There are 2 protein chains.
Amino acid sequence: MGVKERKKRNAQKMRQRILKAAMDIFAKEGYEGVSMRRIADKIEYSPGTIYRYFESKCDIMLQLCYHGFERLLGLQFELDKITNPVERIKVEGRYYVTFALENPELYELMFATREIIKQPADAEESVARKSFGKFAEHVQQCIDAGFFSGGDPETLAVALWAALHGLSSLLIKDQLRFLPEERVGEVVERALAFNLRGAGKELAFTGSEFR
Amino acid sequence: MGVKERKKRNAQKMRQRILKAAMDIFAKEGYEGVSMRRIADKIEYSPGTIYRYFESKCDIMLQLCYHGFERLLGLQFELDKITNPVERIKVEGRYYVTFALENPELYELMFATREIIKQPADAEESVARKSFGKFAEHVQQCIDAGFFSGGDPETLAVALWAALHGLSSLLIKDQLRFLPEERVGEVVERALAFNLRGAGKELAFTGSEFR
DNA sequence: TTGACAAAATGAACGACGTTCACTATACTG
DNA sequence: CAGTATAGTGAACGTCGTTCATTTTGTCAA
């Protein structure tokens, strides 16, 4: 008698239904639009029911967040088709910024929302880390191929990632609004190129002054 | 009779009292801690009164935000004492990241909080823009001194700023937590150096593909 | 089929939030 | 001192995330 099993499946279905509803609202109306009552309305259950399947709203948003990282990671895996590692990392940069621009709310959720960040300390092997890991791998391959300086790959990866993240979040938040609309693409492209070129040189290490 | 004037002064005093209270709470308990009722409690007035002096909570937070930019701008002006433009921009980078790390909530308010961003579209000559302007000026001086490539200075400034912002926000959000504590400073310092070095070369422009 | 027990779902309630507004209290003026 | 303009009040509205006593539904042995 697979009663237990069926119940487990139903519970999983319910979790998916809730997440789907949350995602739909999130996609249409952003973070502000998502509330437990609205989710409950959408799936035609009472608000209290949701708490049988998720600990809190934060828990739900965290799942959406993971989903975002999985999408990003999916894009990254596609990149393995590109054989030239420099070309690959170039395209990866464009993918990254494009992903952020096309899913600004999601990107924000993934990288900026306070409550989300705190959570996954215990969630070992977080999707976020996998995504960075893949990126670092691609950076390493550039080094191996002799295109990037042999400096510490992790440092290089962090620096490049930071540049991508910086550009993406400035763009999303419209902090670059002072640029004429038609120049934005150009500036971004050049900024990316600029960072990749910077990776080509050996750097003198000047000592630690932070933290 | 300076009755009108005194009233104006009193209103200004009240605005300052409210802002001070908001800032105190913000500093101690962050964005989440600030509520109209808590501010009202702190200044010993009723919640409704605040609305005689500020349009909304958002309005208040926007003022805190401006205050933050003024502090940052103050740091930037100090930099004019440094005569070597490359040394100056190097220190500016460290100042920037340090400012973010020392005032994470404020930095977030300044650059990341959604509601804040929207507002100052009409507020011409925003403090934020002044801060970027000063930075761009310093970048220009590096170019003039022949240390940076002669490429479009605005692009260069945006690229460097993005890198600083990226590093800062990753650090604040603890996204670099996978790095051993003792390596963080090193990585940041090298990432900064890496970006400055990148600025030294002429870059081939590869065309626009964003937006 | 029925009755007992467990699981699932409910929705009112709690304390918080930003904001509004009819009202009262205070300060100023003629 | 009367009358008016200004300042301040605090209850109320509708929202939020969350909890929990209660009811409904589902399961299975007798």
Side-chain angles (χ1 to χ4, degrees), chain A residues 1-19 21-23 25-26 28-65 105 109 113-116 118-119, chain B residues 1-19 21-23 25-26 28-65 105 109 113-116 118-119:
Chain A
M1 60 199 75
V3 177
K4 266 261 164 64
E5 285 75 4
R6 173 168 46 90
K7 290 221 166 172
K8 267 237 162 83
R9 274 201 311 276
N10 284 348
Q12 268 307 315
K13 273 251 169 69
M14 189 62 160
R15 276 180 68 91
Q16 290 312 317
R17 257 159 65 75
I18 292 168
L19 286 179
M23 263 178 50
I25 301 171
F26 184 78
K28 265 187 220 114
E29 308 182 39
Y31 189 85
E32 304 277 292
V34 181
S35 82
M36 298 305 261
R37 283 171 175 84
R38 298 246 296 136
I39 295 172
D41 266 11
K42 199 151 175 125
I43 61 170
E44 296 179 284
Y45 279 82
S46 81
T49 301
I50 298 178
Y51 288 86
R52 300 201 84 75
Y53 301 91
F54 291 95
E55 242 188 21
S56 61
K57 181 185 178 183
C58 180
D59 187 9
I60 294 175
M61 300 315 281
L62 188 61
Q63 303 309 315
L64 297 196
C65 188
E105 292 267 356
L109 189 71
T113 309
R114 181 155 298 273
E115 37 191 336
I116 297 301
K118 298 292 170 62
Q119 206 83 348
Chain B
M1 66 203 62
V3 176
K4 266 263 163 65
E5 285 75 4
R6 173 167 48 88
K7 291 222 164 169
K8 269 239 161 79
R9 275 200 311 275
N10 285 347
Q12 268 307 313
K13 274 249 168 69
M14 189 61 160
R15 276 180 67 92
Q16 291 310 316
R17 257 158 68 74
I18 292 168
L19 286 179
M23 264 179 50
I25 301 171
F26 184 78
K28 264 187 220 117
E29 309 182 38
Y31 189 84
E32 303 277 292
V34 180
S35 82
M36 299 305 260
R37 284 172 174 84
R38 299 247 297 135
I39 295 173
D41 267 11
K42 198 151 176 127
I43 60 172
E44 297 179 286
Y45 279 82
S46 81
T49 302
I50 299 178
Y51 288 86
R52 301 200 86 73
Y53 300 92
F54 291 94
E55 242 188 23
S56 62
K57 182 186 178 182
C58 180
D59 188 10
I60 293 174
M61 300 316 281
L62 187 61
Q63 303 309 315
L64 297 196
C65 188
E105 291 268 357
L109 189 69
T113 309
R114 182 156 297 273
E115 36 190 337
I116 297 300
K118 299 291 171 65
Q119 206 81 352

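Just so you know, these numbers come straight off a predicted model, no measurement behind them. Naming: A, B, ... by sequence-line order, numbering from 1 per chain.
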Pi-cation contact, A:Phe26 with A:Lys57 (under 6.0 Å, within 45°): no
Bend of the helix from C:dT1-D:dA30 to C:dG30-D:dC1 from end-axis comparison, five pairs per end, nearest 10°, comes to 30°
Classify the nucleic acid contact of B:Thr49 as base, sugar-phosphate or nothing, counting any heavy atom under 4.0 Å across all strands shown. base
Without decimals, in angstroms, what is the distance between A:Met36 CE and C:dC17 P? 20 Å
Between A:Ile18 and A:Thr49, is there a side-chain heavy-atom distance shorter than 4.5 Å? no
B:Glu5 atom CD is separated from D:dT6 atom C1', nearest whole Å, by 16 Å
Can you tell me how far C1' of C:dA9 sits from CZ of A:Arg52, to the nearest Å? 7 Å
I'd like a list of close polar pairs between nucleotides 11-14 of chain D and the protein, N/O only, cut-off under 3.5 Å.
none

Residues B:Ser46 and B:Ala40: closest non-hydrogen pair is C-CB, 3.8 Å
Could you walk me through whether A:Ile39 and A:Ile60 satisfy the side-chain contact (heavy atoms from CB on, under 4.5 Å) test, starting with their C-alpha distance in whole Å, then the side-chain angles of each, then the deciding distance to 0.1 Å, before giving a yes or no? CA-CA 11 Å; A:Ile39 295 172; A:Ile60 294 175; 4.2 Å; yes
Take atom CG of A:Asn10 and atom C1' of C:dA9, then tell me their distance rounded to the nearest Å. 14 Å
Write down the protein N/O and nucleotide N/O pairs, taken from nucleotides 24-27 of chain D, whose separation is under 3.5 Å; answer none if there are no such pairs.
from	atom 1	to	atom 2	distance (Å)
D:dT27	OP1	A:Arg6	NH1	2.8
D:dT27	OP1	A:Arg6	NH2	2.5

Which pairs pass side chain to side chain donor-acceptor pair (under 3.5 Å) with one or both residues in residues 33-45 of chain B, sequence neighbours excluded? B:Glu29-B:Arg38
Name each donor-acceptor pair under 3.5 Å that joins a side chain in residues 10-17 of chain A to protein atoms two or more places apart or in another chain, with its distance.
from	atom 1	to	atom 2	distance (Å)
A:Arg15	NH1	A:Tyr53	O	2.8
A:Arg17	NH2	A:Ile43	O	3.0

Using the side-chain heavy atoms of A:Tyr51, tell me which of these nucleotides is nearest: C:dA8, C:dT19, D:dT19. D:dT19
Nearest-nucleotide 5' precedence on DNA chain C, B:Gly33 against A:Ser46: A:Ser46
Let me know the distance between CG of B:Asp59 and C1' of C:dT19, rounded to the nearest Å. 14 Å
Is there a donor-acceptor pair closer than 3.5 Å between any side-chain N or O of A:Glu105 and the backbone N or O of A:Tyr31? yes
Please determine whether a side-chain nitrogen or oxygen atom of B:Ser35 lies at a distance below 4.0 Å from atom OP1 or OP2 of C:dG18. yes
Go through the steps to decide whether B:Lys4 and B:Lys8 satisfy the test side-chain contact (heavy atoms from CB on, under 4.5 Å), and finish with yes or no. CA-CA 6 Å; B:Lys4 266 263 163 65; B:Lys8 269 239 161 79; 5.8 Å; no
How many angstroms lie between CG in B:Leu19 and CE in B:Met23, if you round to the nearest 0.5 Å? 8.5 Å
A:Met14 CE to C:dA8 C1', in whole Å, measures 9 Å
Classify B:Tyr45 by what it touches in the nucleic acid, base, sugar-phosphate, or nothing, heavy-atom distance under 4.0 Å. sugar-phosphate
Measure the distance from CE on B:Met61 to C1' on C:dT19 and round it to the nearest whole Å. 17 Å
What is the separation between atom CD1 on B:Ile50 and atom P on C:dG18, rounded to the nearest whole Å? 9 Å
Applying a 4.0 Å non-hydrogen cut-off, can you work out what A:Phe54 is touching in the nucleic acid: base, sugar-phosphate, or nothing? nothing
